[in-house]
Amino acid sequence: MLDQKLIRENPTLVEKNLSLRGKVYKISLINELTVKKKEFDIEISNLQSESKKLSKLIGQKISKSQYNNDEDLNKLKQKGNEYKIKISEFEEKQKILEKQIHDEISNLPNFPSEDAPLGKDERNNLQIKKWGDPLLTENLKSHWEIGENLNLFDSTKSARISKSRFITLIGNGARLERALINFMLDMHIKNGYIELMPPALVNSESLKGSGQLPKFSNESFKCNNDDLWLSPTAEVPLTAFHKNEIVDPNQLPIKYVAYSPCFRREAGSYGRDTKGLIRLHQFNKVELYWFCEPSKSLEAHKQITSDAESILKKLNLPYRLVDICTGDLGFSSSRTYDLEVWMPSSKCYREISSCSNCQDFQARRSSIRTKIDKKNVYLHTLNGSGLAIGRTMAAILENGQQIDGSVKIPDALVPYFGSNFLKTA
RNA sequence: GGAGAGGUGGCUGAGUGGUUGAAAGCGGCUCCCUGCUAAGGAGUUACAGGAGGUAACUUUUGUCGAGGGUUCGAAUCCCUCCCUCUCCGCCA
């Protein structure tokens, strides 16, 4: 959520900032509504003040004169009743306006950072660096071929259980998934993160708080009989964990790491990545999340990104770091670094982590603040995958594949997986 | 899911329609006193939002789990929901 005061006081700037996303956002309606609402606010406040005084007066009269049925008193009560009616009339109008304003503002995305590369879509994203040597051998197998050969997972049977884009991991596949989760969690905990294991089902409030609702209701699975959704990312419960709190500044920065299953409808991605582990309705992810003081978020963004990178390095997976351009930024993010891992079979880099600085956007939506110089200020929040487990497994399979069909397990993972190679059972 | 109890300020805990944002205690803060037992005394101390002022501040509204309702007036009465505790049932 953007700062309503800023929208009101500097609409041109707001529109200009938003336009960096490559779309036009009109905020004049919001300001018109706000002006109208302000009038009601003041009116209501005055009436309430009067009415309150009157009630006190009545109370005094009654306590002094014992009896309460004289004409004077009735007149006063009558007047109070008039106040009441007027107030409720104004309040009704005020509420309608308030809801309209809130709806409009909730649909505005965050400002892109001034430092983000300008651009319309992902073609304008900026590669910042590359790490490792991409494997360029011809005729390498795809991870789903390897998975099938080594009997690591089965998508046909999973479609029978659920539908397409679901996976069942089998034997060493499941073992590798677990190993990755534990490995990543341990690494991050060692780096000062506190582990949380949050609920997988979250309510609408939580989704609004991190920016998935109201705009993207199509992208999450909704439970039929309850106000609960399957969480698309741990970012949602992690943000909501401190909802409506004023956090003790001494606790900052708060750094959480959470493993969670993630559920996404992937509406509109028909035909894309239909095979393998890349795009599933359900996948596992280890998520990094920071709450920090506003002045610290730039630094924190670098740190969270490098914490995510450290996993790729430990796993010896070639990757590159991409600075997402203004037009390609997610709804809540002001700046995003994507980590893309090398996938040799398709000879391209694929997103495996997305590290975003949401500044105060989510904190304002979720009302998460701290005290700085006796003032309540919204915190900044940052999130980053550290990493997406399924995609990590895909990368390990493809990058570690050997001529004999086996797969080399990265050294750092061996203690977790329990073996140096993945072979046919 | 059934039956009962309850949710009040940083904490403990009073308060069943009226000048109550809320007694008391603890804690916190300020000052004073005293070299003696982790002592005593005085004062002060909720939070959030809006408006105004560079600011100390002023003013106003809201807040006793949440949302509605009754009333001139609600922590207090009524309704719905949420949560906590105890007992029963079910259950990984």
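Residue numbers begin at 1 in each chain, while the letters A, B, ... track the order of the sequences.
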B:C87: pairing nucleotide in any strand, Watson-Crick or G-U under 3.5 angstrom: B:G2
Inter-nucleotide C1' distance (B:G43, B:U54), Å rounded: 32 Å
Side chain of A:K56 - closest among B:U19, B:U60, B:A48: B:U19
Sugar-phosphate only, base, or nothing, as touched by A:N376 at under 4.0 Å among non-hydrogen atoms: sugar-phosphate
B:C72 OP1/OP2 closer than 4.0 Å to side-chain N/O of A:S51: no
Rounded interatomic separation in angstrom, taking CG from A:N244 and P from B:C83: 16 Å
Interatomic distance where CG belongs to A:N81 and P belongs to B:U70 [whole Å]: 10 Å
Whole-Å P distance, B:A22 and B:C47: 14 Å
Partner nucleotide of B:U54 by Watson-Crick or wobble geometry (both distances under 3.5 Å): none
Lys/Arg N to Asp/Glu carboxylate O, A:E205 vs A:K243, below 4.0 Å: yes
Sugar-phosphate only, base, or nothing, as touched by A:I58 at under 4.0 Å among non-hydrogen atoms: base
Other residues, nucleotides, ligands: >12 heavy atoms within 6.0 Å of A:K215 NZ: yes
Nucleotide of B:A48, B:G68, B:U61 approaching A:R369 most closely (side-chain heavy atoms): B:A48
Sugar-phosphate only, base, or nothing, as touched by A:K86 at under 4.0 Å among non-hydrogen atoms: nothing
Donor-acceptor side-chain pairing of A:S106 and A:K208 below 3.5 angstrom: no
Of the listed nucleotides B:U71, B:A48, B:A51, the one nearest the side chain of A:R8: B:A51
B:A48 - base-pair partner by Watson-Crick or wobble geometry, distances under 3.5 Å: B:U61
Rounded distance in Å - CG (A:L76) to C1' (B:U71): 15 Å
Matching residue for A:N125 among A:T336, A:D323, A:D338, A:D328 - test: side chain to side chain donor-acceptor pair (under 3.5 Å): A:D328
Proximal nucleotide (of B:U60, B:A51, B:C72) relative to the A:K38 side chain: B:A51
Length of the line joining A:I42:CD1 and B:G62:P, which is rounded to integer Å: 16 Å
Rounded distance in Å - CD (A:Q78) to P (B:U71): 12 Å
Charged N-O contact under 4.0 Å between A:D41 and A:K37: yes
Selected nucleotide, minimal atom distance to A:K371 side chain, candidates B:A51, B:U19, B:C47: B:C47
Comparing A:K375 and A:K84 on RNA chain B - which has the more 5′ nearest nucleotide: A:K375
C1' gap between B:G9 and B:U44, integer Å: 16 Å
Whole-Å gap separating C1' (B:A46) and CD1 (A:I246): 12 Å
Centroid-centroid under 6.0 Å between A:F263 and A:F221 rings: no
Whole-angstrom distance between B:G1 and B:C64, as gauged at atom P: 27 Å
Separation between the C1' atoms of B:G10 and B:G27, rounded to whole Å: 8 Å
Distance in angstrom units between A:Q4 CD and B:A51 C1', rounded: 15 Å
Complement of B:U12, any strand, by Watson-Crick or G-U distances under 3.5 angstrom: B:A24
Sugar-phosphate only, base, or nothing, as touched by A:D41 at under 4.0 Å among non-hydrogen atoms: nothing
A:K95/A:E98 salt bridge by N-O under 4.0 Å criterion: no
B:U80 pairs with, by Watson-Crick or G-U criteria that keep both distances under 3.5 Å: B:A66
Spacing of A:Y83 atom OH and A:I85 atom CD1 [to the nearest 0.5 Å]: 13.0 Å
B:G69 to B:U59 separation - P atoms, rounded to the nearest Å: 31 Å
B:A23 versus B:U8 - spacing of their P atoms, nearest Å: 16 Å
Touch class at under 4.0 angstrom, heavy-atom based, for A:K53 against every strand present: nothing
Integer angstrom distance from the P of B:C11 to that of B:A46: 14 Å
Sugar-phosphate, base or nothing in reach of A:K52, heavy atoms under 4.0 Å: sugar-phosphate
Among B:C72, B:A51, B:U61, the one nearest A:K77 by side-chain distance: B:C72
Pairing nucleotide - B:G43, Watson-Crick or G-U, each distance under 3.5 Å: B:C29
Atom pair distance, as rounded to whole Å: OH in A:Y83 and P in B:U61: 12 Å
